[in-house]
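These values consider heavy atoms only, across backbone and side chains, with no hydrogens, waters or symmetry-generated copies. To find a chain, count down the sequence lines: A is the first, B the second, and so on, and within it residues start at 1.
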Amino acid sequence: MKNKKRDILVTSALPYANGSIHMGHLVEYIQTDIWVRYQKLQGHNCHYVCAADAHGTPIMIKAREENISPEKLVTSIAKKQYKDLKDFGVEFDKFHTTHSEENKLLVEKIYTSLQQKNLIYTKDIDQAFDTKENMFLPDRFIRGTCPKCAAKDQYGDACENCGATYSPDELINPISTLSNSEPIWKKSEHFFFKLSEFENELTQWIEDAKLHKNIKNKLAEWFKMGLKDWDISRDDPYFGFKIPGTKNKYFYVWLDAPIGYLASFLSLCKNRDDLNYNAYFKKDSHHELYHFIGKDIVYFHTLFWPAVLEGAGIRKPTSVFAHGFLTINSKKMSKSRGTFINAKTYLDNLDPNFIRYYYASKLGPSMEDIDLNMDDFIARVNSDLIGKLINIASRCSGFINKNFNGELSRELDDPKLFNTFLQCSQSIADHYEAREYSKAMKQIMQLADKANRYIEEKKPWVMIKKEEQHEEVQLVCTQGLNLFRMLLIYLTPVIPEISDKAKSFFNEENWHWDDTLSPILGTKINKYIPLLTRVEKEKVDNMMTSSNETTSKAPTNSEKNLITIDDFMKVDLRVALINDANEVEGADKLLELTLDLGESNRTVFAGIKAAYEPKDLIGRHVIVAANLAPRKMRFGISEGMVLAAGPGEKDIFLLSVDAGAKPGMKVK
RNA sequence: GGUGAUGUAGCUCAGGCGGUUAGAGCGGCGCACUCAUAACGCGCAGGUCGGUGGUUCAAGUCCACCCAUCACCA
């Protein structure tokens with residue numbers, strides 16, 4: 001049963017240093033932290049490193065908006081992020097930053113090494129350029145009308161309304177969100193990493209790393225499409241590391257971010273005599289390396305990253321563990337819907353141990369999303385943690401303290417029952433190791449039920465009234481407290497803070513997984529102070545309310561993007577009569593409308609099929625943007641846009657005019 | 001649009017290779033207890049396993065199609 005000591009290095013994805021930590025981030029950090037604490041509890045040499053992800057255009061822009069240097073912005077945000085994580089019991093051995101000396105050194109070293117092996121080449125590409133701001137624009141900073149469904153104000157890479165993906169040059173009326181000007185298209189030399197040369201190595205690595213079935217599926221899909229080389233450079237202005245030998249080219253943030261894992265560890269090694277960086281990262285290292293990530297960044301961690309490491313002659317990760325996203329009350333986390341909960345908002349109202357346990361009770365090794373359902377959260381935490389677990393201690397300790405001067409008996413009442421609990425040790429350990437936390441929690445709670453049933457059967461509160469059974473009460477409660485102690489050792493990775501409190505209640509110093517083997521007997525316990533009290537619904541409600549308040553205070557997009565009356569008058573809005581409406585063959589969302597605009601007739605494709613029947617539309621008056629540039633669509637040319645409101649799908653509502661309006665009338 | 005995944009009691013979820021009356025925890029209802037910051041114990045009720053069709057002696061479990069939800073598309 002005793003394994004030899006393992007050397008393990010673990011990472012969580014680096015939080016991007018432009019915002020606060022929220023409940024979604026915490027799924028990952030808590031999942032990782034539980035695993036690391038478990039390994040440490042088993043006595044392994046396990047190290048957990050992370051860092052602030054400091055580079056990239058969004059951080060540069062935000063710093064500019066706040067009129068401070070990007071360095072300063074990153075430092076202050078990283079400090080807050082680190083504190084939030086720490087307050088949730090997430091215990092890093094090192095939290096560094098990608099904007100560090102160590103990282104610069106490693107990035108350049110790796111790049112040079114790739115270059116020497118002829119794995120880097122340059123190529124000119126066309127990119128959107130903002131002439132006012134004098135910079136190239138990432139897709140996210142371009143908005144315009146979706147070429148597929150004509151939804152307005154969509155990002156440069158994908159439409160949130162119809163889900164279409166495209167390149168920014170396909171957008172209708174593209175606008176730079178930085179200057180509100182129309183971008184031009186300009187050539188620029190970019191640096192590429194030859195990912196395509198690593199197909200064989202990657203295929204082998206995917207097998208070796210025993211990646212989860214879901215990840216493998218996803219990878220197979222990408223392999224089928226063929227690996228494309230990776231663009232690793234960005235143009236000035238950019239916040240990042242300059243590419244050696246160039247004047248104005250920078251490394252793309254996604255190149256230096258994962259290298260930040262190594263840099264953070266390197267920095268840790270500097271302060272620790274017992275750690276050797278090379279032992280972990282030399283090509284043939286047998287030390288273990290694991291990355292915990294979200295499913296959105298599987299691509300970077302299972303293709304680019306191992307390929308870059310392979311190319312640079314560095315060891316590859318032992319494995320990569322991807323988790324799903326968090327939904328709140330079954331809804332996507334969203335600021336506008338008030339389902340966006342910041343870490344800080346949670347902490348202002350609730351105990352971090354609650355959410356650590358709740359996440360653990362739902363987490364498994366798969367990439368499925370998990371839901372934070374508030375009613376479920378309250379029920380689960382109160383029932384499991386308070387009602388079952390903590391209750392064992394609080395119903396036993398009173399007897400020991402009041403009647404036996406706080407002293408535990410010298411033997412157990414039921415060693416067999418104790419052994420039953422012990423027999424689950426391996427299975428629970430295996431669950432932790434395999435990141436099957438939900439199964440581990442279930443098993444532990446079944447034991448807690450068993451402990452409560454034992455006390456119920458023995459009825460110490462009856463025995464204490466009979467002189468001849470007095471001593472048996474001590475035996476029974478000592479038994480109960482020992483069962484409780486074992487369960488808390490099992491739960492130490494999940495609720496470390498409660499575990500610490502229990503430790504001092506038992507007057508013990510350190511707990512190791514194998515301390516479950518021998519019961520604690522004949523010693524004194526301290527006065528019992530409730531280790532944890534129930535979740536109150538009011539606190540949860542309060543948290544939800546303040547989440548709503550803080551998020552709705554943020555200026556909305558419309559407030560920021562004010563336009564003048566002249567801007568508004570540029571849009572020629574007209575009343576139109578729908579003469580005809582038909583379904584479009586091959587289009588899922590479009591209807592073809594023939595409109596009477598008074599002087600002329602128009603054909604317009606409108607994305608309203610989910611909401612309206614063609615026959616109900618004929619004869620209706622609607623409002624049309626009449627001077628919209630005609631747009632060639634797959635099904636024909638659309639000569640305008642019918643105005644409608646709503647989030648999409650079935651919830652689209654056409655604007656109509658009061659009786660008397662005639663086709664062709666101008667709206668003003 | 002393409003690809004992948006998910007859909008089992010009110011809620012959260014288990015259900016290797018298809019096999020008798022489909023499981024757990026929570027919640028609900030009833031009983032009991034009073035040691036426990038109402039916690040615990042015993043019992044009961046709840047499901048045509050998203051839909052349709054198929055393969056089979058037999059399907060929640062395999063196949064096809066459909067619907068809904070989610071994610072990814074460098």
Report task. Check the side chains of A:Asp414 and A:Tyr454 for a donor-acceptor pair under 3.5 angstrom, ignoring hydrogens and angles. Result -> no
Report task. Identify whether any heavy atom of A:Pro460 sits under 4.0 Å from a base atom; if not, whether one sits that close to sugar-phosphate; answer base, sugar-phosphate or nothing. Result -> nothing
Report task. Specify the residue among A:Asp449 and A:Lys439 whose closest nucleotide of RNA chain B lies further upstream toward the 5′ end. Result -> A:Lys439
Query raised in the report: Now, which nucleotide makes the Watson-Crick or G-U wobble pair with B:C17, with each of the two distances under 3.5 Å?
Result: none
Report summary line: Across every strand shown, the nucleotide meeting Watson-Crick or G-U wobble geometry with B:G25 (both distances under 3.5 Å) is B:C11
Query raised in the report: Whom does B:A32 pair with, Watson-Crick or G-U wobble, provided both distances fall under 3.5 Å?
Result: none
Query raised in the report: What's the closest nucleotide to the A:Ser394 side chain, out of B:U6, B:G25, B:A36?
Result: B:A36
Report task. Specify the glycosidic conformation (syn or anti) of B:G4, with syn defined as within 90° of 0. Result -> anti
Report task. Classify the nucleic acid contact of A:Gly398 as base, sugar-phosphate or nothing, counting any heavy atom under 4.0 Å across all strands shown. Result -> nothing
Query - Distance, nearest 0.5 Å, that separates CD1 of A:Ile455 from CZ of A:Arg395 - result: 5.0 Å
Query - Of A:Phe325 and A:Phe300, the one whose closest RNA chain B nucleotide lies more 5' - result: A:Phe325
Requested in this report: Please check the phosphate of B:C42 (OP1 and OP2 only) for any side-chain N or O of A:Arg453 closer than 4.0 Å.
Outcome: yes
Report summary line: Side-chain atoms of A:Asn391 come closest, of B:C35, B:A36, B:C26, to B:A36
Report task. Just compare B:G25, B:A36, B:U12 and give me whichever is closest to any side-chain atom of A:Lys388. Result -> B:G25
**Report entry** Side-chain donor-acceptor contact under 3.5 Å, A:His190 with A:Asp124
**Finding:** no
**Report entry** Sugar-phosphate, base or nothing in reach of A:Lys228, heavy atoms under 4.0 Å
**Finding:** base
Query raised in the report: What does B:G4 pair with, Watson-Crick or G-U, if both distances are under 3.5 Å?
Result: B:C70
Query raised in the report: Atom CD1 of A:Ile215 to atom P of B:C72: distance rounded to whole Å?
Result: 14 Å
**Report entry** Per A:Lys362 side chain, nearest of listed nucleotides B:U12, B:C70, B:C40
**Finding:** B:U12
Query raised in the report: Side chains of A:Asp375 and A:Asn373: do they bring a donor and an acceptor to under 3.5 Å?
Result: no
Requested in this report: Starting from P on B:U34, measure out to CD on A:Glu457 and report it in whole angstrom.
Outcome: 16 Å
Query raised in the report: Is any side-chain heavy atom of A:Trp205 less than 4.5 Å from a side-chain heavy atom of A:Val320?
Result: yes
Query - Proximity to the side chain of A:Asn452 - top-ranked nucleotide from B:G41, B:U6, B:C26 - result: B:G41
Requested in this report: Go ahead and name the base partner of B:C49; Watson-Crick or wobble counts if both distances stay under 3.5 Å, otherwise write none.
Outcome: none
Report task. Could you check how far NZ of A:Lys442 sits from P of B:G23, rounded to whole Å? Result -> 14 Å
**Report entry** Gap in Å between the two P atoms, one belonging to B:G50 and one to B:G10, rounded
**Finding:** 13 Å
Requested in this report: Using the C1' atom on both, measure B:G47 against B:U8 and round to a whole Å.
Outcome: 8 Å
Query raised in the report: With rounding to whole Å, what would you report as the distance between B:G27 and B:U21 at their P atoms?
Result: 31 Å
Requested in this report: Give the rounded distance in Å between these two atoms: OH of A:Tyr454 and C1' of B:G41.
Outcome: 16 Å
**Report entry** Length of the CZ-C1' vector between A:Arg380 and B:C26, whole Å
**Finding:** 7 Å
Query - Atom P, compared across B:U52 and B:A9: separation rounded to whole Å - result: 16 Å
Query raised in the report: Would A:Tyr250 and A:Phe241 count as a close aromatic pair, with their ring centres under 6.0 Å?
Result: no
Requested in this report: With P as the reference atom in both, quote the distance from B:G46 to B:A59 in angstrom, rounded to an integer.
Outcome: 24 Å
Query raised in the report: Does B:U56 pair with anything, Watson-Crick or G-U wobble, both distances under 3.5 Å, and if so, with which nucleotide?
Result: none
**Report entry** A:His291/A:Tyr261 aromatic ring centres below 6.0 Å
**Finding:** yes
Query raised in the report: Just how far, in rounded Å, is P of B:G10 from CG of A:Asp376?
Result: 15 Å
Query raised in the report: Atom CH2 of A:Trp461 to atom C1' of B:G41: distance rounded to whole Å?
Result: 8 Å
Requested in this report: Between B:G25 and B:A45, how far apart are the P atoms? Round to whole Å, please.
Outcome: 15 Å
Query - Separation between the P atoms of B:U55 and B:C73, rounded to whole Å - result: 41 Å
Query raised in the report: Should B:U37 form a Watson-Crick or G-U wobble pair with both distances under 3.5 Å, which nucleotide is its partner?
Result: none
Report task. Check A:Gln31 against A:Gly364 and note the closest heavy-atom contact, atom names and distance. Result -> NE2-O, 3.9 Å
Query - Rounded C1' spacing from B:G18 to B:U56 in Å - result: 9 Å
Report task. Could you state the atom-to-atom distance from CG of A:Asn382 to P of B:U37 in whole Å? Result -> 15 Å
